[in-house]
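Below: the structure, in structure tokens.
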Amino acid sequence: MQQQQQQRRMFTAALLALVFILAAVSTTEAGKKEKPEKKSKKSDCGEWQWSVCVPTNGDCGLGTREGTRTGAECKQTTKTQKCKIPCNWKKQFGAECKYQFQAWGECDLNTALKTRTGNLKRALHNADCQKTVTISKPCGKLTKPKPQGKFNLLKAAH
């Protein structure tokens, strides 16, 4: 009987200790919430507007671009950023526009050109790219049907 009372006292003491610890933790957390937070400075600066990438040498490779933004209290309104123009991209559509092209079409005998269409795959640095582009190239050697003349008929007979 005495052993049961001793176990109850230990259980009660442990329960009180647990309640005390929980109260202390919640008070600490409440104190943290009451601290004034650092004021987040709202910026009146506009979004950066970037120029096209200008290669240092040639028409592709490493280069720079200029960025500008507006705002009365902006500390920085212009900056220069390094950039790179991939050398395997079709420059005629913009050096920062990458297209996925379809297979070449059939040769147009009237123009001696074949064409294909490309859909925009990726634009670097928010470049202004056309969604779809079309390119043409010469067909190459055209195989003209040989006229069936007297000479060819003689060859066939032999």
Side-chain angles (χ1 to χ4, degrees), residues 18-19 21-158:
L18 180 64
V19 170
I21 291 171
L22 289 175
V25 169
S26 65
T27 304
T28 304
E29 287 179 8
K32 287 182 183 177
K33 291 179 184 175
E34 291 175 9
K35 289 183 181 178
E37 294 180 18
K38 291 183 181 179
K39 294 181 181 177
S40 60
K41 186 175 182 181
K42 290 186 180 179
S43 175
D44 68 336
C45 299
E47 293 289 320
W48 285 102
Q49 302 295 317
W50 294 98
S51 69
V52 295
C53 185
V54 178
T56 306
N57 293 319
D59 63 350
C60 63
L62 296 176
T64 57
R65 71 175 64 254
E66 299 292 323
T68 59
R69 66 178 176 178
T70 58
E73 295 182 20
C74 284
K75 290 182 179 179
Q76 187 177 17
T77 56
T78 61
K79 67 180 174 180
T80 303
Q81 183 182 68
K82 291 181 182 179
C83 57
K84 182 178 180 182
I85 297 175
C87 291
N88 61 344
W89 288 21
K90 300 282 185 194
K91 309 299 182 290
Q92 71 189 77
F93 305 117
E96 298 175 332
C97 306
K98 175 80 171 178
Y99 293 92
Q100 179 71 46
F101 285 92
Q102 299 170 350
W104 287 102
E106 294 293 320
C107 184
D108 182 348
L109 297 176
N110 294 327
T111 61
L113 295 173
K114 55 183 173 180
T115 61
R116 69 178 178 170
T117 304
N119 296 317
L120 183 64
K121 185 176 179 182
R122 188 170 60 154
L124 294 178
H125 305 288
N126 299 325
D128 187 25
C129 300
Q130 298 176 41
K131 298 279 184 210
T132 305
V133 293
T134 302
I135 58 173
S136 301
K137 74 174 185 178
C139 296
K141 292 183 178 181
L142 293 176
T143 55
K144 296 180 182 176
K146 295 182 180 178
Q148 293 290 333
K150 209 171 24 169
F151 184 73
N152 288 341
L153 291 174
L154 290 174
K155 266 185 168 179
H158 289 280

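Being a predicted model, the structure only gives us computed values, none of them experimental.
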So CG of Asp108 and OG of Ser136: to nearest 0.5 Å the spacing works out to 9.5 Å
Are side-chain heavy atoms of Thr132 and Thr117 found at a separation under 4.5 Å?
yes
Do the non-hydrogen side-chain atoms of Lys114 and Lys137 ever get within less than 4.5 Å of each other?
yes
Taking every heavy atom of Thr56 against every heavy atom of Gly63, the minimum-distance pair comes out as OG1-CA, 3.5 Å
Could I get the full list of ring-ring contact (aromatic ring centres under 6.0 Å, His included) partners for Trp48, not counting sequence neighbours?
Trp50
Among all residues two or more places apart in sequence or in another chain, which pass the side chain to side chain donor-acceptor pair (under 3.5 Å) test with Gln130?
none
Could you tell me the separation between the CG atom of Asn119 and the CD atom of Gln102, rounded to the nearest 0.5 Å?
6.0 Å
Expected output: side-chain Arg69 to main-chain Cys45 donor-acceptor under 3.5 Å
no
With rounding to the nearest 0.5 angstrom, report the CZ to SG distance, Arg122 to Cys97.
11.5 Å
Could you pull out the closest heavy-atom pair between Cys83 and Val54, with the gap in Å?
SG-N, 4.4 Å
Please examine the side chains of Ile135 and Trp104, heavy atoms only from C-beta on, and report whether any two atoms are closer than 4.5 Å.
yes
Taking the side chain as every heavy atom from C-beta outward, state whether Leu62 and Lys82 have any atom pair closer than 4.5 Å.
no
Verify the distance criterion only: is there a donor paired with an acceptor across the side chains of Glu66 and Thr80 at less than 3.5 Å?
yes
